[in-house]
*Asks:* 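Below is the structure I would like to discuss, written out as structure tokens.
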Amino acid sequence: IYKLLTAENQKKSLPYKSQGLAGRLTYAYMDRYFAEFNMGYTGSENFARGHRFGFFPAYAIGWMVSSEKWFEPLTKVVNDLKLKASYGKVGNDDIGASRRWAYEPSVNTVTGWSYGKTANQTGTGYRVGEIENTNVSWEEATKVNAGIELRLFEKLKIQADYFYEERNGIFLARAGLPAIVGLTTTPYVNVGKAKVSGLDGTLEYQQQVGKVLLTGRGNFTFSRNQMLDNDEPDWEYKYQNSIGKPFGRNGAAQRKGFIALGFFESQAEIDNSPKQMFGEYRVGDVKYKDVNGDGKIDTYDQIAIGYTDLPEITYGFGLTAKWKNFDASVFFQGVARTSIYLAGTPLRPFSSDNMDRSAIYEDLYKYSWKTTNTPEQNASAKYPRLSYGAEAGSSNNSQSSTMWLRDRSFLRLKNAEIGYTLPKSIISGVNLSNVRFYLGVTNLFTITGYDGLDPETQSDLPISRTINFGASINL
């Protein structure tokens, strides 16, 4: 039992209760064969009787191949070799939406309703809020992992893993419940289903070059997820379904939008293209693709565009060098296969009638389509014609589309540091065991094709670069 001391309401301030039993069993034979079993039998207050407890087992096996006698002739090259695999289940009792006790209905206050012959009498009443769900239970995730660990030539360490995870019973608000049911709130049920799979690897190499000790490290992760069920009914055009597509942070569906074909270069091109149903538009405005071929551009032509805000590829690598009492290190990190969507008033600087408060990005000013540009300049324009207020083009150009989608991939020098450690002969007389001076810098530079200020945080503020100098003293 525990209490949330910073609770913002009375319901959350009540004690939280859970109960569980855990167990673990391990086995090892001659440092060659390994097995492990873990289990958890856990109960949560969020569920009704009969659904409160969940059993979550996990199994793992390992084989140290390099410990086998028949492998001894290879140990000069392959010093260590281990194969491993695991399978297990974990549970989640967080039912979301700031709720507790989903098996109980909630009651809400209703104000401002009218009654009487002339409806001039008002009052306050009560109504059912959240509908009870007596069948709600644990969200379960089944995880599978298989990997290899090896060390080569006493210098190179490699670890690689394949992972797969499938989540069932994700607690979601019903998306396929029609309004004619007559509920004032959408009930939450264990309906969601998703999966994620990928590869994860690390590498470490150490080499003595003369008097310099070099150590290199790297990591790489490829992870792809997919929404299997979110209770969403089929759209009229199934290519607009979220099911079967990846999802982003907090389970957000992949962005939908139009495919931008460029900008209209003449009135004749507008007249001979499918009609775009977003108000008046002119030469220099965005031209969209007619995906379903019905001769007009409307919401049925939106498809999933770009990647999500969760990178499918995350990686990093670094190098450390030591020579006598000097040391230096650098570390790079990066992501790939992820998108960012440009938005904000500075991208539509004249959308407000208040011209005194209009702001515009420099990149937008330089590379937008203009009547004063040469045909060659407009052919390479990155942004559509600017429009004022709600005039022609404002609605058309602000539609969600690939026009405003950008590749968020980047490679950044995250940390760089040089240091010097004082010799023991200098500090031994003052009862110090180690003294090291260092100079470091973070976020020194970033390589990216993103037009904004920081692809990592997606902030409108430039990333801060920090330079620090200090000393580490051990007594």
*Asks:* Heavy atoms, side chains only, cut-off 4.5 Å: are Ile243 and Leu228 in contact?
*Replies:*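 Not touching, per the 4.5 Å side-chain cut-off.
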*Asks:* Would you verify whether the NZ or CZ of Lys414 falls within 45 degrees of the ring axis of Phe331 while also being under 6.0 Å from that six-membered ring's centre?
*Replies:*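 No, cation not above the ring by the 6.0 Å, 45° rule.
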*Asks:* Taking only residues two or more places apart in sequence, or in another chain, which ones meet Glu139 in a side chain to side chain donor-acceptor pair (under 3.5 Å)?
*Replies:*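 Here the qualifying residues are Asn92, Arg167.
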*Asks:* Could you check whether Lys275 makes a cation-pi contact with Tyr281, meaning its NZ or CZ is under 6.0 Å from the centre of the six-membered ring and within 45° of the ring axis?
*Replies:*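 Checked: cation-pi criterion not met.
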*Asks:* Residues two or more places apart in sequence or in another chain: which of them pass side chain to side chain contact (heavy atoms under 4.5 Å, CB included) with Arg224?
*Replies:*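 Here the qualifying residues are Phe222, Glu312, Arg337.
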*Asks:* May I ask you to check whether Gln206 and Thr215 show a side-chain donor-acceptor distance below 3.5 Å?
*Replies:*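 Yes.
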*Asks:* Quick one: which residue pairs count as a salt bridge (Lys or Arg N to Asp or Glu O under 4.0 Å) with a foot in residues 250-272, not counting sequence neighbours?
*Replies:*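 Listed once each, the pairs are Glu269-Lys287.
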*Asks:* Check step by step if side chain to side chain donor-acceptor pair (under 3.5 Å) holds for Asp407 and Tyr450.
*Replies:* CA-CA 6 Å; Asp407 184 359; Tyr450 173 55; over 6 Å; no
*Asks:* Applying side chain to side chain contact (heavy atoms under 4.5 Å, CB included), name anything that partners Tyr315, two or more places apart in sequence or on another chain.
*Replies:*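 With sequence neighbours excluded, Tyr315 shows a side chain to side chain contact (heavy atoms under 4.5 Å, CB included) to Phe220, Ile313, Phe317, Leu411, given in chain and number order.
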*Asks:* State which residues pass side chain to side chain contact (heavy atoms under 4.5 Å, CB included) with Ile463; sequence neighbours excluded, sorted by chain then number.
*Replies:*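 If we apply the side chain to side chain contact (heavy atoms under 4.5 Å, CB included) test to Ile463, skipping adjacent residues, the hits are Arg412, Asn443, Asp454.
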*Asks:* Who are the side chain to side chain donor-acceptor pair (under 3.5 Å) partners of Tyr383, not counting sequence neighbours?
*Replies:*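 Expected list: Asp363.
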*Asks:* When you compare the side chains of Tyr126 and Asn108, does any donor N or O come within less than 3.5 Å of an acceptor on the partner?
*Replies:*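 Tyr126 vs Asn108: no donor-acceptor pair found between side chains.
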*Asks:* Cut-off 3.5 Å, no hydrogens considered: what does the side-chain donor-acceptor table look like for residues 244-252, sequence neighbours left out?
*Replies:*
from	atom 1	to	atom 2	distance (Å)
Lys245	NZ	Tyr239	O	3.2
Lys245	NZ	Asn241	O	2.6
Arg249	NH2	Asp309	O	3.3

*Asks:* Could you pull out all residues at least two apart from Glu204 that satisfy side chain to side chain donor-acceptor pair (under 3.5 Å)?
*Replies:*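 Scan of Glu204 (side chain to side chain donor-acceptor pair (under 3.5 Å), adjacent residues dropped) gives none.
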*Asks:* Go through the structure and list residues passing ring pair (Phe, Tyr, Trp, His ring centres under 6.0 Å) with Phe258, not counting sequence neighbours.
*Replies:*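 In terms of ring pair (Phe, Tyr, Trp, His ring centres under 6.0 Å), with neighbours along the sequence ignored, Phe258 is linked to Phe278, Tyr288.
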*Asks:* I would like to know whether Asn415 and Thr442 meet side chain to side chain donor-acceptor pair (under 3.5 Å); could you show each step before the answer?
*Replies:* CA-CA 5 Å; Asn415 297 295; Thr442 60; 5.3 Å; no
*Asks:* For Glu149, enumerate each residue passing the side chain to side chain contact (heavy atoms under 4.5 Å, CB included) test, keeping only those at least two apart in sequence or located in another chain.
*Replies:*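 With sequence neighbours excluded, Glu149 shows a side chain to side chain contact (heavy atoms under 4.5 Å, CB included) to Lys82, Lys84, Gln159, given in chain and number order.
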*Asks:* So which pairs with a foot in residues 296-305 pass side-chain hydrogen bond (donor to acceptor under 3.5 Å, both in side chains), sequence neighbours left out?
*Replies:*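 Applying side-chain hydrogen bond (donor to acceptor under 3.5 Å, both in side chains) to every pair that reaches into residues 296-305, excluding sequence neighbours, yields Glu236-Tyr300.
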*Asks:* Residues in side chain to side chain donor-acceptor pair (under 3.5 Å) with Asn145, at least two apart?
*Replies:*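 For Asn145, no residue satisfies side chain to side chain donor-acceptor pair (under 3.5 Å) once neighbours in sequence are set aside.
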*Asks:* In this structure, which one of Glu140, Glu166, Glu165 forms a salt bridge (charged side-chain N to carboxylate O under 4.0 Å, His left out) with Lys193?
*Replies:*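 It is Glu166, the one option of Glu140, Glu166, Glu165 that forms the salt bridge (charged side-chain N to carboxylate O under 4.0 Å, His left out) with Lys193.
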*Asks:* Using modelled atom types and a 3.5 Å cut-off, is there a donor and acceptor pairing between side-chain atoms of Gln377 and backbone atoms of Thr374?
*Replies:*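 Judged by distance alone, yes, a pair lies under 3.5 Å.
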